[in-house]
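The figures here come from the full heavy-atom set of this structure, side chains too, leaving out hydrogens, waters and symmetry mates.
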Amino acid sequence: MGAVGAAAGVSYILGLKGRTIDHSLGNAEYFGAYSPMMRCIEHPSMLKDGVNWGCIAGLSAAYLVKAGYTGIPSLFTLEEAEGLTNDLGESYRVNELYYKPYACCRWAQPAIEAIREIQSRNILISENIKKIVIHTFTESAALSKEYPETTEEAQYNLLFPVAAFLSYGEVGPIQVLEHLNDPIILSMMDKITVVVDQKLNEAFPERALSMVKIVMQDGDTYQSDIIQARGDYDYPLNAEEKEKFFWLTTPILGKESAKSLLESIQSLEHMKSIRKLIPTIEA
């Protein structure tokens with residue numbers, strides 16, 4: 001529905017009214033990208049869930065309608081959508097999105113959280129790990145398990161981010177951009193097996209859950225609880241969002257510029273023009 005959101009925003013900016021907005025939203029639905037996600041999961045690429053073409057479709061839909069182009073009635077006019085539209089202005093679904101703490105697919109994140117949970121109770125020396133077993137849901141298990149050759153293959157991977165976290169304690173730009181051939185991470189990947197758990201399947205997609213078992217060389221075994229990925233709307237990161245922002249932006253912009261950018265973003269609704277934001281993101 002990214003195309004519809006883009007069309008709504010552009011329609012507002014263009015000053016469209018009434019039926020023209022409905023045409024714009026209907027066109028966006030019609031032109032919006034069809035994204036065969038599981039094929040994308042199996043073959044990681046730069047497609048990124050169709051976000052780019054969804055935006056273009058929404059933008060085009062609004063400008064076409066402004067020029068007189070007509071379209072189908074939008075979902076918002078149909079009886080079948082009343083369950084989604086009756087609470088418009090009261091419930092804001094954008095607040096139910098998740099915020100990812102790690103630079104990888106959301107479906108891999110609960111396994112990382114499970115490892116964090118084990119580490120909170122035990123001291124683990126990564127070199128002494130013999131075997132890691134990830135219990136997860138079908139979609140998570142479908143993520144690539146191969147050594148990555150590109151950053152997309154690292155991000156849409158289940159084993160790589162887990163191995164990177166066990167090896168370095170983080171999964172960020174350095175790992176998914178610069179450590180693709182890191183022998184420490186690749187060796188850790190070889191120790192991981194994946195099990196599809198029906199109980200976790202039943203919780204998805206409302207919850208992305210995983211459980212991890214780690215077996216050490218001396219035979220000691222550590223098992224996590226069933227863990228939810230941090231960053232869900234009902235399991236927020238809070239202060240960690242700001243920490244992640246500075247973690248990613250400070251190396252590029254510098255401390256003061258990063259701080260200025262955050263202040264600009266936090267006051268975005270008060271800006272008279274989005275152009276005022278541009279100088280703060282120029283490195």
Side-chain angles (χ1 to χ4, degrees), residues 1-41 43-100 103 105-106 152 155-156 205 231-233 241 244-245 248-249 252-253 260-283:
M1 297 302 286
V4 176
V10 177
S11 295
Y12 176 80
I13 293 171
L14 295 178
L16 302 184
K17 305 291 183 181
R19 281 289 293 164
T20 55
I21 292 180
D22 187 44
H23 280 297
S24 177
L25 300 180
N27 284 346
E29 285 184 54
Y30 198 86
F31 294 141
Y34 162 68
S35 302
M37 279 306 302
M38 293 312 298
R39 201 186 316 161
C40 184
I41 294 300
H43 304 279
S45 67
M46 297 180 183
L47 292 173
K48 298 297 183 184
D49 303 355
V51 173
N52 48 359
W53 287 104
C55 180
I56 292 171
L59 179 71
S60 299
Y63 271 96
L64 283 169
V65 168
K66 184 181 180 183
Y69 200 94
T70 60
I72 60 173
S74 76
L75 179 67
F76 294 94
T77 66
L78 305 182
E79 183 177 343
E80 65 190 78
E82 287 182 357
L84 299 173
T85 59
N86 284 344
D87 59 356
L88 286 175
E90 299 175 5
S91 297
Y92 296 90
R93 305 301 180 191
V94 68
N95 292 327
E96 298 178 8
L97 299 178
Y98 55 74
Y99 187 96
K100 297 195 295 186
C105 178
R106 185 61 172 176
E152 288 78 26
Q155 294 173 53
Y156 285 99
D232 283 346
Y233 73 95
E241 292 185 15
K244 180 178 179 180
F245 178 87
L248 297 177
T249 59
I252 299 172
L253 300 176
S260 176
L261 176 58
L262 180 60
E263 291 172 351
S264 296
I265 293 171
Q266 290 175 326
S267 60
L268 195 61
E269 66 271 26
H270 303 299
M271 284 187 180
K272 293 182 178 179
S273 172
I274 195 67
R275 297 181 189 278
K276 294 182 178 180
L277 183 65
I278 304 303
T280 63
I281 62 177
E282 294 179 339

Give the intermediate values and the outcome of side-chain contact (heavy atoms from CB on, under 4.5 Å) for residues Leu47 and Met37.
CA-CA 10 Å; Leu47 292 173; Met37 279 306 302; over 6 Å; no
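- Interatomic distance, Glu96 CD to Ser91 OG, rounded to the nearest 0.5 Å: 7.0 Å.
- Proximity of a side-chain donor or acceptor of Asp22 to a complementary backbone N or O of Ser74 within less than 3.5 Å is detected.
- In this structure, the separation between NE2 on His23 and OH on Tyr30 is 15.0 Å, given to the nearest 0.5 Å.
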Evaluate Tyr156 against Ile41 for side-chain contact (heavy atoms from CB on, under 4.5 Å), listing each step before the verdict.
CA-CA 6 Å; Tyr156 285 99; Ile41 294 300; 3.6 Å; yes
Run the side-chain donor-acceptor check on residues 62-71: report pairs under 3.5 Å with partners two or more places apart or on a different chain.
none

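- A salt bridge is defined here as a Lys NZ or Arg NE, NH1 or NH2 lying under 4.0 Å from an Asp or Glu carboxylate O, and Lys244 with Glu241 fails to meet this definition.
- Note that CD1 of Ile21 is 7.0 Å distant from CG of Leu25, once rounded to the nearest 0.5 Å.
- Side chain of Thr20 to main chain of Lys17: a donor-acceptor pair is present (N/O by atom type, distance under 3.5 Å, no hydrogens or angles).
- The distance from atom OG1 of Thr85 to atom CG of Leu75, rounded to the nearest 0.5 Å, is 7.5 Å.
- No more than 12 heavy atoms of other residues, nucleotides or ligands lie within 6.0 Å of CD in Glu79, so this atom counts as exposed by the packing criterion.
- Between the OG atom of Ser24 and the CD atom of Glu29 there is a distance of 10.5 Å, given to the nearest 0.5 Å.
- Of all the heavy atoms in Ala3 and Gly32, the pair that sits closest is CB-CA, 4.0 Å.
- Once rounded to the nearest 0.5 Å, the distance linking CZ of Phe76 with CG of Leu88 reads 6.0 Å.
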